[in-house]
Amino acid sequence: MPYLEPTPSLDFIRARIAEDVKAGKNAGRVHTRFPPEPNGYLHIGHAKSICLNFGAAAEYKGLCNLRFDDTNPAKETVEYEESIIRDVRWLGFDWDDRLFYASDYFEKLYEYAVYLIENGKAYVDSLSADEIRQYRGTLTEPGKESPYRNRPIEENLRLFERMRNGEFEEGAHVLRAKIDMASGNINMRDPVMYRIMHVPHYRQGSKWVSYPMYDYAHPISDALEGITHSLCTLEFEDHRPLYDWFIENLPVPARPEQIEFARLNLSYTVLSKRKLLTLVTEKIVSGWDDPRMPTLNGLRRRGYTPEAIRNFCDAIGVAKRDVIVDVAQLEHAIREDLNKHSSRVMAVLRPLRVVIENYPENETEELDAVNNPENPAAGSRKVPFSRVLYIEQDDFRENPPKQFFRLAPGREVRLRYAYFITCKDVVKDGSGNIVELRCTYDPATRGGDAPAGKPSPKATLHWVSAAHAMAAEVRLYDRLFNEEKPDNESPINPTSLDVLTGCQVEPSLKGAKPLDRYQFERLGYFCVDLDSKPNAPVFNRTVTLRDTWAKIEKSLKK
RNA sequence: UGGGGCGUGGCCAAGUGGUAAGGCACAGGUCUUUGGAACCUGUAUUCGAAGGUUCGAAUCCUUCCGCCCCAGCCA
């Protein structure tokens, strides 16, 4: 029996696409689209859809269009459109010349609407919005037919044209599909196709005053673009019969198929456009790109890479059940990527002055430090060492607990890439605060290697030379919410942002530019913030390193 | 009580009648000049529940239970 490679399991959408291709449906062609409405910024949930649409198309030698679903001029702006284009590109996807807009189909959409009217399948209703709601019935009771439902075709045609010409006030009339007011599916109870809006469109200007609704515009837009698989989220499942109804009742050039999947939910994170907008407008965060935001530009500013986000989307899969993915999964994705690709550097966030008593006053040594142990090709750099250093306050304990093996009085530890040092004395100020450590170094340990016969210390500390280090601001971020499933009332995590000033970073960081990413050894991954200036650098903490000591310490406190 | 969906370990997720993949998280361990990384080991007698069909069921049938979505002239 020959060994067979296990076939990688496909998610249900890819499986379906594979079937269609195999069956020769659409001549084996695969064509998807990502259809955002330009009314907000893209977030990690959209990334799932983007990766699915562009990814699945590419895997089956197909294409994916970027199409703006801009049918509601009251909410849409160029600012949003531009941010969406930037974010999809940044994520790593390309649509060549296939950038489309539903608004470019308005004329065609209008013609199709006329076609439905002519065939007795659409009518102009003159009921008010309130009345339409009442006539619609409820979830358990059927609706009633509008008294205008059987208007003569000619009258419908005249009225619809006058709607287009701007002869009516908003709300005076709507165009409705004539389907079934008794349907158990409310979407089929004569859904509205067009409504009058005296609002200029951000791309069409004042050309239109009647705008098509999503349910009507979407299937036609898909058909006009030759979309084969129209992927959307679960809440549109009920709309599929309507989607199909338009496709079946109109002479459209293709028959796209709508398939629904579950949208992404992330623990400790809010992902609804409305809630995100509130965070921005109420100034709870600094903007759409606040590094605590789950928006793509927020994540970018936080230091996330497109690759990590794509890997995350890959890892969580695509299915139909409602899920809440653990943010730990996202954090794992960025750690995994940054571990492989980011340069190591030493930075001291909360400095504690250390004087090496047996080291000459005015001497400086340049020591070799490896840039990335995961990637030898990244090479090495020189780090200056001198008599006065800074180490992390957390790395010293006057009365260390059992499992603490960092620096303590009388104890020897290694300074990374430098020397072993031993703490001889603790200097305190008037109120008993530790302000300085007096230490000695062992010249035989240069580079950090233990000489033959000498045991290696249990701890290795990062450090920085006081005379050479550069001062910096560091912003420590944590999850925005402490509740696993935050809702509208959830308070934000008061420690979601901790700004540290007076941090000391190694001099090689002098040329760092906004968005450059590093690992601060033993601390986490950081990236240069957009607010950073050459003389006043600012770093954002993307994510911490896994911290075993923090876990021990936490269990110690219990 | 109308219609549409969904229920596999703490969180995701394969599996489509032949005896429960994988990832995250967690717990041990090896190694280590990052308490990082890497590597190894462990964690569902069980697939929402109960019946039934079958030599054999997470997969088929029946009933029940639970959760999500829909009553915008939003998308």
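Worth saying up front: this structure is predicted, and the values here are computed from it rather than measured. Letters go in sequence order (proteins before strands), and every chain restarts at 1.
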What class does the angle between the rings of F236(A) and Y214(A) fall in, given that below 30° is parallel, 30 to 60° is tilted and above 60° is perpendicular? tilted
Between D125(A) and S146(A): side-chain donor-acceptor atoms closer than 3.5 Å: yes
With sugar-phosphate meaning primed atoms plus P, OP1 and OP2, does Y194(A) contact a base, only sugar-phosphate, or nothing at under 4.0 Å between heavy atoms? nothing
Nucleotide rG72(B), atom P - distance to OH of Y135(A) in whole Å: 16 Å
For a quick check of understanding: with a heavy-atom distance under 4.0 Å over all strands, which category does P373(A) fall into, base, sugar-phosphate or nothing? base
Counting side-chain heavy atoms from CB outward, which of rG4(B), rA75(B), rG36(B) is closest to E37(A)? rA75(B)
Select base, sugar-phosphate, or nothing to describe what I316(A) touches, counting heavy atoms under 4.0 Å on all strands. sugar-phosphate
Stepwise side chain to side chain donor-acceptor pair (under 3.5 Å) test for E37(A) and Y80(A): CA-CA 9 Å; E37(A) 182 187 15; Y80(A) 291 132; over 6 Å; no
How is A418(A) classified with respect to the nucleic acid when contacts are heavy atoms under 4.0 Å: base, sugar-phosphate, or nothing? nothing
CG of L266(A) versus C1' of rC24(B): gap in Å, rounded? 13 Å
Could you check whether the side chain of R406(A) and the base of rG35(B) have a donor-acceptor pair of N or O atoms closer than 3.5 Å, going by distance alone? yes
To the nearest angstrom, the NZ-P distance between K485(A) and rC67(B) comes to 12 Å
Partner nucleotide of rC60(B) by Watson-Crick or wobble geometry (both distances under 3.5 Å): rG52(B)
Rounding to a whole Å, what distance do you find between Q329(A):CD and rG23(B):P? 11 Å
Do the side-chain N or O atoms of K551(A) get closer than 4.0 angstrom to the phosphate oxygens (OP1, OP2) of rC26(B)? yes
Inter-nucleotide P distance (rU1(B), rG18(B)), Å rounded: 36 Å
Per E374(A) side chain, nearest of listed nucleotides rA37(B), rA13(B), rG35(B): rA37(B)
Contact class for T71(A) vs. all strands (heavy atom < 4.0 Å): base, sugar-phosphate, or nothing? sugar-phosphate
I552(A) atom CD1 is separated from rG35(B) atom P, nearest whole Å, by 11 Å
With a 4.0 Å limit, can you tell me whether R546(A) has a side-chain N or O closer than that to the phosphate oxygens OP1/OP2 of rG35(B)? no
Provide, to the nearest angstrom, the distance between the CZ atom belonging to F12(A) and the C1' atom belonging to rG5(B). 11 Å
Ring geometry between F526(A) and F520(A) (parallel below 30°, tilted from 30 to 60°, perpendicular above 60°): parallel
At under 4.0 Å between heavy atoms, what does E260(A) touch on the DNA or RNA strands: base, sugar-phosphate, or nothing? nothing
Using only side-chain N and O atoms of R189(A), determine if any of them is under 4.0 Å from OP1 or OP2 of rA71(B). no
Please determine whether any donor N or O and acceptor N or O are separated by less than 3.5 Å between the side chain of D238(A) and the base of rG3(B). yes
Check: F100(A) ring centroid to F68(A) ring centroid under 6.0 Å: no
Any strand is fair game: report the nucleotide pairing with rG66(B) by Watson-Crick or G-U wobble, both distances under 3.5 Å, or none. rC6(B)
Mind checking F404(A) for me? I need base, sugar-phosphate or nothing, with any heavy atom below 4.0 Å counting as a touch. base
Check step by step if side chain to side chain donor-acceptor pair (under 3.5 Å) holds for D449(A) and T445(A). CA-CA 5 Å; D449(A) 296 304; T445(A) 59; over 6 Å; no
Check every strand shown and say whether V323(A) touches a base, only sugar-phosphate, or nothing at a heavy-atom separation below 4.0 Å. sugar-phosphate
OP1 or OP2 of rG72(B) less than 4.0 angstrom from a side-chain nitrogen or oxygen of R136(A), does that happen here? yes
